[in-house]
Colleague: 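The structure follows.
All residue numbers refer to positions in the sequence shown, counting from 1.
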Amino acid sequence: MELQERKMKILQAIVQNYLETGEPVGSRTISKYTDLNLSSATIRNEMADLEEMGLICQPHTSAGRIPTDAGYRVYVDDMLRSERQQVEVMKNLLLDKQEQLDTMLQEVAKTLASNTNYTSMITTPMMRQNKIKFIQLSQVDDDSVLAVIVMDGNVIRNRVIPVERALTQEEMLRLNMLLNTNLCGLPVEEITLGLIESIKRDAGIHTDLVNDVFDAAAEIVRSEEDLKIYTSGANNIFRYPELADHRKASEIISDFEEKRALGNFVQDAFDGEEQTGIQVYIGDEMPVASMRDCSAVTATYDLGDGMRGKIGIIGPRRMDYEKVVSVLTIIMEQLDDLYNK
């Protein structure tokens, strides 16, 4: 049922006030409760219309009004529609922001390689904390439900989950409340088997659906699988005679292109990180075998909410360390500021 905005706001005020107090709601209460700036007489007229529509009723003479089952239905439908719209808007904004970030990181890698004449790499941000921000379940069709999971750092994962039948709106609302009440603000690593079993029991016949939501959340923790590494300037290796040997250069470039070794390098850099966020690897200190004749300087950029990434410059042992550290420090600070703005 579609209501005019004024009637909907009055119905919302009646439902919300009745839920809070358990008492019938009068026109004077509504006039204080909404931002419509209407007189009590106008509100009484609107309430009379809502009563005729079967959305509110008067439990006894001279009392205020309370919502009927139909009134609750209109209220809940409007609330769910509003929540779905908010989730969709947030999801689109975050996806746009992620796309912009990826483009910016690729440009940073190119700029570093060009300015230093070394080889550069930069990772997309990884989560060092894995707190669940919120979960939204929405019916896609009779056979599937969309689970949207948002983590700290505004990392979003969507999963379409098959279901044997369409869920009622009451069932969907109850599951959303069950999941968010128990999981919002909780690090994924702290979700115990006991908590999972408790939520499954409360979910009743929807145990399989809840289980799929937990699987989707667990996938986010495996952030290294989602790690992207952008590189630039691999051919700069040939500028330096000590690295230009065909076999050596081929191995280094191969590792840059394949990126698996670089992924291990990044994880090693995070594990050994000191407070400054700047690390220098010289020769045999390099964790990548093909790069033992190289040196690397890495820095950490921090986007907040536990989201951090690595920037690195790789070159010969005789690289200009002072210049590289200075450039990385500046880029790291500018990236933090630019993203947070």
Side-chain angles (χ1 to χ4, degrees), residues 72-73 75-99 101-102 124-228 303-308:
Y72 281 125
R73 163 55 56 210
Y75 172 81
V76 169
D77 286 351
D78 182 73
M79 179 186 66
L80 292 175
R81 182 166 53 250
S82 177
E83 284 189 0
R84 282 194 296 269
Q85 290 171 347
Q86 290 175 17
V87 169
E88 193 63 29
V89 168
M90 178 178 288
K91 183 172 70 174
N92 290 336
L93 286 174
L94 294 175
L95 290 174
D96 287 345
K97 196 169 187 179
Q98 182 64 49
E99 185 176 336
L101 177 62
D102 285 351
T124 51
M126 297 182 296
M127 282 195 309
R128 309 307 288 179
Q129 301 169 359
N130 298 295
K131 290 183 180 179
I132 295 174
K133 216 167 186 179
F134 70 87
I135 297 171
Q136 178 71 35
L137 302 180
S138 305
Q139 193 81 43
V140 177
D141 52 40
D142 289 348
D143 302 316
S144 56
V145 167
L146 175 67
V148 179
I149 303 174
V150 181
M151 309 291 288
D152 266 358
N154 291 330
V155 174
I156 297 178
R157 291 293 182 275
N158 300 325
R159 171 175 283 192
V160 176
I161 300 173
V163 291
E164 293 183 357
R165 63 169 178 84
L167 279 69
T168 66
Q169 290 178 323
E170 287 87 354
E171 288 174 319
M172 194 69 75
L173 181 61
R174 188 171 69 83
L175 284 174
N176 276 313
M177 291 179 64
L178 173 66
L179 290 168
N180 285 291
T181 300
N182 286 281
L183 300 177
C184 279
L186 188 68
V188 174
E189 296 87 344
E190 294 182 16
I191 298 177
T192 64
L193 289 175
L195 176 60
I196 292 174
E197 290 305 315
S198 173
I199 294 174
K200 284 183 178 180
R201 282 195 301 272
D202 291 340
I205 62 173
H206 304 298
T207 298
D208 290 342
L209 175 57
V210 169
N211 208 48
D212 284 336
V213 172
F214 280 119
D215 287 345
E219 284 181 7
I220 301 176
V221 179
R222 298 191 284 271
S223 57
E224 68 275 5
E225 295 179 3
D226 299 321
L227 178 67
K228 293 180 184 175
L303 305 185
D305 288 332
M307 300 293 291
R308 297 187 298 161

Colleague: To the nearest 0.5 Å, what is the distance between OG (S198) and CG (N182)?
Modeller: 6.0 Å

Colleague: Out of curiosity, L209 CG to E164 CD, how far, rounded to the nearest 0.5 Å?
Modeller: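 With rounding to 0.5 Å, CG (L209) is 11.0 Å from CD (E164).
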
Colleague: To check you understand the geometry: which heavy-atom pair defines the closest contact between I135 and N176, and what is its length?
Modeller: O-OD1, 3.7 Å

Colleague: Who passes side chain to side chain donor-acceptor pair (under 3.5 Å) against N211, sequence neighbours left out?
Modeller: K200

Colleague: Determine whether V213 and I161 make a side-chain contact, defined as any pair of heavy atoms from C-beta on separated by less than 4.5 Å.
Modeller: yes

Colleague: Would you mind reporting whether D208 and V163 have side-chain heavy atoms less than 4.5 Å apart?
Modeller: no

Colleague: Is any side-chain heavy atom of Q139 closer than 4.5 Å to a side-chain heavy atom of L146?
Modeller: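 No, side chains not in contact.
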
Colleague: Quick test of your reading: applying salt bridge (charged side-chain N to carboxylate O under 4.0 Å, His left out), list the pairs with at least one residue in residues 136-150, sequence neighbours left out, ordered by first then second residue.
Modeller: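 For residues 136-150, and leaving out neighbouring residues, there are no salt bridge (charged side-chain N to carboxylate O under 4.0 Å, His left out) pairs at all.
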
Colleague: Determine whether a donor-acceptor pair (N or O, by modelled atom type, separation under 3.5 Å) exists between the side chain of T181 and the backbone of M177.
Modeller: yes

Colleague: How long is the straight-line distance from CZ of F214 back to CG of L193, given to the nearest 0.5 Å?
Modeller: 10.0 Å

Colleague: Can you pull out every salt bridge (charged side-chain N to carboxylate O under 4.0 Å, His left out) where at least one residue sits in residues 170-181? Sequence neighbours excluded, please.
Modeller: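 Listed once each, the pairs are R73-E170, R165-E171.
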
Colleague: Any chance you could lay out the side chain to side chain contact (heavy atoms under 4.5 Å, CB included) test for V145 and V140, step after step, and finish with the verdict?
Modeller: CA-CA 5 Å; V145 167; V140 177; 5.8 Å; no

Colleague: State, with a plain yes or no, whether a side-chain heavy atom of T207 is found less than 4.5 Å away from one of R201.
Modeller: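 Heavy-atom side-chain distance check fails, nothing below 4.5 Å.
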
Colleague: Show the numbers, then the answer: is there a side chain to side chain contact (heavy atoms under 4.5 Å, CB included) between L167 and L137?
Modeller: CA-CA 10 Å; L167 279 69; L137 302 180; over 6 Å; no

Colleague: Looking only at heavy atoms, which two atoms of S144 and V160 are closest? And how far apart?
Modeller: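 Minimum heavy-atom separation between S144 and V160: CB-CG1, 3.6 Å.
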
Colleague: A203 and L175: which non-hydrogen atoms are nearest, and at how many Å?
Modeller: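 Minimum heavy-atom separation between A203 and L175: CB-CD2, 4.1 Å.
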
